[in-house]
Amino acid sequence: MSLLNILRYPDPRLHKTAQLVTVFDARLKQLVADMAETMYDAPGVGLAATQVDVHRQVIVIDVSETRDELRVFINPEIVWASEEKRLYDEGCLSVPGIYDGVERPARVRARALDVEGKPFEVEADGLLAVCIQHEMDHLKGKVFVEYLSPLKRNRIKTKLLKEERELARSREKVSATR
């Protein structure tokens, strides 16, 4: 297994639409294992393949306290969503350090395939429901900050671009001293 590089907002690759998975082989299992290792290391509760620049419909999620209940959703779709909405504070591994409220359906039923290609359905509420919806947005090329006002979104983009420039400068200084 290996850690994958997580794309940071506003990287344009985060806006690519993921394609359906049609081959269930060792490469897919390796991708899932690497995504899970990356998510746990970050640490996060969910990761979509889009976030690691693989544009296939693959999501890994673990919302358990013990971090030992990995769920894998391949080619996921929401087949039902409650009319009741809830506001949750969301964060994202692609938007580090930023948390804000996003209103989503309180409960959902999702259908997907497991890593072997077997279909399953899950009904979810709370953090799992939020996580499924959040990660599925990534597969459609949408980042949670797009639910926020243009003013907030621009402030976040400016902040993250500034951090990226400062990080690049510090890397240059380190390599210049070698």
Measuring from atom OG1 of Thr50 to atom NZ of Lys140, what distance do you get when rounded to the nearest 0.5 angstrom?
11.5 Å
Please test Gln57 against Gln19 for side chain to side chain contact (heavy atoms under 4.5 Å, CB included), starting from the C-alpha separation and ending with a verdict.
CA-CA 6 Å; Gln57 291 189 20; Gln19 303 301 309; over 6 Å; no
Nearest heavy atoms of Gly46 and Leu93, plus distance in Å
O-CD1, 3.8 Å
With a 4.5 Å cut-off on side-chain heavy-atom distances among I, L, V, M, F, W and Y, is there a chain of contacts connecting Leu160 to Val143?
yes
Are the side chain of Asn75 and the backbone of Ala112 linked by a donor-acceptor contact shorter than 3.5 Å?
no
Does one hydrophobic cluster hold both Tyr88 and Ile78, with members joined at side-chain heavy-atom distances below 4.5 Å?
no
In the structure I gave you, are the side-chain heavy atoms of Leu3 and Glu37 within less than 4.5 Å of one another anywhere?
yes
What pair of heavy atoms forms the shortest contact from Thr38 to Ser2, and how long is it?
OG1-O, 3.9 Å
Measure from NZ or CZ of Lys118 to the centre of the six-membered ring of Phe24 and say whether it is under 6.0 Å with the direction within 45° of the ring axis.
no
Test item: Arg71 and Leu128 side chains (from C-beta on) under 4.5 Å apart, heavy atoms:
yes
Enter the distance from Arg111:CZ to Glu77:CD here, rounded to the nearest 0.5 Å.
5.0 Å
Closest heavy-atom pair, His55 versus Asp53, reported as atoms and distance to 0.1 Å, is NE2-OD1, 2.8 Å
Hphob cluster co-occupancy, Met39 + Ile74, side-chain heavy atoms under 4.5 angstrom
yes
Heavy-atom check, side chain of His134 versus side chain of Ile132, under 4.5 Å
no
May I ask you to decide if the ring planes of Phe120 and Phe73 are parallel, tilted or perpendicular, using 30° and 60° as cut-offs?
tilted
Rounded to the nearest 0.5 Å, what separation is found between the NZ atom of Lys142 and the CG atom of Leu14?
14.0 Å
Backbone N/O of Gln51 and side chain of Ser94: donor-acceptor pair under 3.5 Å
no
Can you find a pair of side-chain heavy atoms, one from Asp100 and one from Val145, that are under 4.5 Å apart?
no
Non-hydrogen atoms of Asp89 and Gly101 that approach each other most closely
OD1-N, 3.2 Å
How long is the gap from CG on Leu7 to NE2 on His138, to the nearest 0.5 Å?
10.0 Å
Would you call Arg107 and Glu84 a salt bridge, using N to O less than 4.0 angstrom?
yes
Indicate yes or no: at least one non-hydrogen side-chain atom of Asn5 is less than 4.5 angstrom from one of Val52.
no
How many angstroms lie between CG in Asp11 and CD1 in Ile6, if you round to the nearest 0.5 Å?
12.5 Å
At what distance, to the nearest 0.5 angstrom, does CD1 of Ile156 lie from CG of Leu148?
5.0 Å
Smallest separation among heavy atoms of Ala81 and Val108, with atom names
CB-CG1, 4.1 Å
With a 3.5 Å distance limit and no angle check, can you tell me whether Gln133 reaches the backbone of Pro105 through a side-chain donor-acceptor pair?
yes
For Thr158 and Leu161, run side chain to side chain contact (heavy atoms under 4.5 Å, CB included): C-alpha distance rounded to whole Å, both residues' side-chain angles, the deciding distance at 0.1 Å, then the answer.
CA-CA 5 Å; Thr158 300; Leu161 287 171; 6.0 Å; no
Let me check something: do Met136 and Tyr147 share a hydrophobic cluster, defined by ILVMFWY side-chain heavy atoms less than 4.5 Å apart, either directly or through other members?
no
Mind checking whether Leu47 and Val60 have side chains closer than 4.5 Å, heavy atoms only?
yes
Is any side-chain heavy atom of Lys152 closer than 4.5 Å to one of Ser149?
yes
pair Phe144-Asp137: side-chain heavy atoms closer than 4.5 Å
no
Determine whether Leu4 and Val72 fall in the same hydrophobic cluster, where Ile, Leu, Val, Met, Phe, Trp and Tyr are linked whenever their side-chain heavy atoms lie under 4.5 Å apart.
yes
Sub-3.5 Å donor-acceptor pair from the side chain of Asp125 to the main-chain atoms of Ala106, do we have one?
no
Asp34 and Arg27 ion-paired at < 4.0 Å:
no
Determine, stepwise, if the pair Ile61 / Val45 fulfils side chain to side chain contact (heavy atoms under 4.5 Å, CB included).
CA-CA 6 Å; Ile61 294 173; Val45 295; 5.7 Å; no
Closest contact, heavy atoms only, Pro76 versus Leu139
CG-CD1, 3.7 Å
Salt-bridge criterion met for Asp62 and Arg67 (N-O under 4.0 Å)
no
Less than 4.0 Å between a side-chain N and a carboxylate O, is that true for Glu103 and Arg86?
no
